[in-house]
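Right, one structure below, let's go through it.
The sequence lines fix the lettering, A, B, ..., with proteins before strands; numbering per chain opens at 1.
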2 protein chains.
Amino acid sequence: MKIEDEIKQAAFRDDHQKAHVNLIFTANWLQQQQSAFFKPFGLTLPQFNTLRILRGQHPRPATVNLLIERMLDKTSNASRIVDKLEAKQLVTRCVCPSNRRAVDIRISPDGLELLGRLDVAMANEHLGVQNLTSAEAAQLSNLLDKIRD
Amino acid sequence: MKIEDEIKQAAFRDDHQKAHVNLIFTANWLQQQQSAFFKPFGLTLPQFNTLRILRGQHPRPATVNLLIERMLDKTSNASRIVDKLEAKQLVTRCVCPSNRRAVDIRISPDGLELLGRLDVAMANEHLGVQNLTSAEAAQLSNLLDKIRD
DNA sequence: GATTATTAAATGTATGTACATATATTTGCA
DNA sequence: TGCAAATATATGTACATACATTTAATAATC
C-alpha cells in the first residue's frame with residue numbers, strides 16, 4: 001500500500017518529506033511485525049536483540065557497556081532490559097572479578113534453547129525486507145547510509 | 001558512517017539483513033535528531049505530530065479516531081498524548097455535540113503560535129533526509145513501499 | 001421499548017525510551 | 001598516601017508504546 005493511503009494523507013510537500021515519513025512509518029511497521037512474532041515466545045524486541053548479542057559473545061561474558069555499543073538504540077536502558085531477561089532466567093549476571101565496577105552478563109542454557117527455537121521459527125517466516133531483491137536491499141542500505149552522512 | 005561501524009558489527013549475513021538493520025537504525029537516528037530539535041520548545045515528537053494534524057484540520061475539530069488514523073504509529077495512545085497537549089493549553093477538548101461518545105479536539109491559539117515558531121526554526125535547520133537528491137528520495141520511497149507490500 | 005451489539009474514548013499495567021542523577025570502584029596525580 | 005577525576009552500572013522520573021479492559025453513548029435487533 002502506498003504511504004499516502006497508509007496514513008490517509010493526500011499528498012506530501014516534496015519527495016524529501018515523503019521519503020522521511022515513509023522511512024519512519026516503514027521502520028515502525030517492521031518493528032511491529034517483529035514484536036508480534038516474538039510475543040508468543042515471551043520476548044520483546046529489545047530483549048531478543050540483547051539475547052542475540054549475548055549469544056554472539058558466548059561463552060565469553062558481555063558487560064552492559066558492550067551491550068549498549070552494539071544495540072541499535074544507544075540510549076535505551078540496557079540495565080533494565082537485562083533485569084527482565086534475568087527474571088526469566090535467560091541470562092546470568094555477576095560482578096566481574098577483574099573489575100568490580102563491571103558486571104559480567106552471560107546467556108544461560110535456557111536462553112540458548114529459546115534462541116534455538118526462534119531460529120527454527122524465523123526460518124519459516126518472512127520477516128523483514130524479504131520483498132526486495134538483493135540488489136534493491138543493497139541500494140536501500142546505500143541510501144540510508146547517505147541520509148546519516 | 002557505514003552501518004557496520006555504527007553498531008560495531010563486522011558483517012551482516014546478507015544484503016537483506018543489512019538493509020533491515022540499517023532501516024531500523026536510521027529511523028531511530030532520524031527520530032532522535034527530531035526529538036532533540038523539539039525539546040527546547042517543550043514538545044515531544046508525537047506531541048508535535050499530533051499538533052500538526054490538528055492544524056491541518058483547523059478550524060474544524062478532530063476526534064481521537066481521526067488522530068489515530070493519521071498518526072504514523074497506529075497503536076500509540078492518542079488519548080494520553082492529547083492529555084499532555086491539553087495540560088499545556090495547546091489544544092482544547094470538548095464533547096462532540098452531535099455524538100456524545102466522541103470528543104472534539106481543536107488546536108488553540110497558543111498551539112498555532114507555537115507551530116508558527118517551529119515553522120521558522122525548522123526552515124533554518126536541516127532535519128530529515130536532506131542529504132538525498134529528489135530522485136534518490138523518490139527511489140527510497142519506492143523501495144520502502146515495496147517492503148510493506 | 002428493552003436488550004444486545006457496536007462504537008468512541010479513557011484507563012490500567014507492563015515495558016521501553018530519554019535523560020539526569022546516584023553509588024561504587026578504579027585510576028591518576030599532587 | 002590521600003583525594004579528585006573517570007568509569008561502570010543502577011536508579012529515578014517523565015513520557016511513550018502495546019495491549020487488555022472499562023465506561024459511556026449510540027445503533028441494531030427482537
Side-chain angles (χ1 to χ4, degrees), chain A residues 24-25 27-51 61-69 71-88 90-91 93-105, chain B residues 24-25 27-51 61-88 90-105:
Chain A
I24 305 291
F25 181 83
N28 281 339
W29 181 89
L30 266 177
Q31 289 185 329
Q32 278 170 32
Q33 300 268 115
Q34 290 184 284
S35 289
F37 174 78
F38 291 125
K39 198 171 182 203
F41 296 90
L43 282 185
T44 64
L45 191 46
Q47 287 170 12
F48 168 74
N49 285 326
T50 303
L51 264 192
T63 61
V64 171
N65 256 347
L66 182 141
L67 293 177
I68 292 171
E69 253 187 2
M71 277 163 59
L72 294 191
D73 196 320
K74 308 293 187 195
T75 65
S76 83
N77 202 323
S79 235
R80 279 189 274 236
I81 292 171
V82 173
D83 283 349
K84 299 292 152 60
L85 293 172
E86 194 184 18
K88 293 177 219 175
L90 300 173
V91 308
R93 181 152 55 172
C94 66
V95 172
C96 172
S98 63
N99 178 353
R100 297 205 343 252
R101 286 172 300 187
V103 171
D104 280 347
I105 304 160
Chain B
I24 305 291
F25 181 83
N28 281 339
W29 182 88
L30 266 177
Q31 289 185 329
Q32 278 170 32
Q33 300 268 113
Q34 290 184 283
S35 288
F37 174 78
F38 291 125
K39 197 169 183 206
F41 296 89
L43 282 184
T44 65
L45 191 46
Q47 287 170 11
F48 169 74
N49 286 325
T50 302
L51 264 193
T63 61
V64 171
N65 257 346
L66 182 140
L67 292 178
I68 292 170
E69 255 188 359
R70 283 171 165 63
M71 277 164 59
L72 294 191
D73 196 321
K74 307 293 187 195
T75 67
S76 85
N77 202 322
S79 235
R80 279 190 274 236
I81 292 171
V82 173
D83 283 348
K84 299 291 152 58
L85 293 172
E86 194 185 20
K88 292 177 219 175
L90 300 173
V91 307
T92 62
R93 181 152 54 173
C94 65
V95 172
C96 173
S98 63
N99 178 352
R100 299 209 336 256
R101 287 172 298 188
V103 171
D104 281 346
I105 305 159

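- Of the two residues near DNA chain D, P97(B) and I105(A), the one whose nearest nucleotide lies more 5' is I105(A).
- The base of dT7(D) sits with one of its N or O atoms less than 3.5 Å from a complementary donor or acceptor on the side chain of R101(A).
- None of V64(A), T63(A), L85(A) except one satisfies the side-chain contact (heavy atoms from CB on, under 4.5 Å) rule with I105(A); the exception is V64(A).
- For DNA chain D, the residues of residues 77-86 of chain A within the heavy-atom distance limit of 4.0 Å (strictly under) are N77(A), S79(A), R80(A), sorted by number.
- For dT25(C), the OP1/OP2 oxygens have a side-chain nitrogen or oxygen of R100(A) closer than 4.0 Å.
- For the pair M71(A) CE and dA18(C) P, the interatomic distance rounds to 10 Å; values are reported in whole Å.
- Rounded to an integer number of Å, the gap from CG of L30(B) to C1' of dT17(C) is 17 Å.
- Proximity of L90(B) to L43(B): side-chain heavy atoms (C-beta onward) are separated by under 4.5 Å at one or more points.
- Distance SG/C94(B) to CG/D104(B): 5.5 Å, rounded to 0.5 Å.
- In this structure a side-chain-to-backbone donor-acceptor pair under 3.5 Å is missing from K84(B) to T44(B).
- A straight line from CD of E69(B) to P of dA9(C) spans 11 Å, rounded to a whole angstrom.
- Within residues 42-50 of chain A, the residues that place at least one heavy atom under 4.0 Å from DNA chain C are, in residue-number order, T44(A), P46(A), Q47(A).
- The nearest heavy atom of DNA chain D to S98(B) and to V64(A) marks one nucleotide each, and the one closer to the 5' end goes with V64(A).
- For L66(B) and Q31(B), each mapped to the nucleotide of DNA chain C holding its nearest heavy atom, the one lying further toward the 5' end belongs to L66(B).
- If you check every strand for non-hydrogen atoms under 4.0 Å, S35(B) touches nothing.
- Taking only side-chain nitrogens and oxygens, S76(B) comes nearer than 4.0 Å to OP1 or OP2 of dT17(D).
- Contact check, N65(B) against dA9(C): a side-chain N or O comes under 4.0 Å of OP1 or OP2.
- Within the structure, a side-chain polar atom (N or O) of R93(B) is placed less than 4.0 Å from OP1 or OP2 of dA10(C).
- Using a 4.5 Å heavy-atom threshold, the side chains of M71(B) and N49(B) count as separate.
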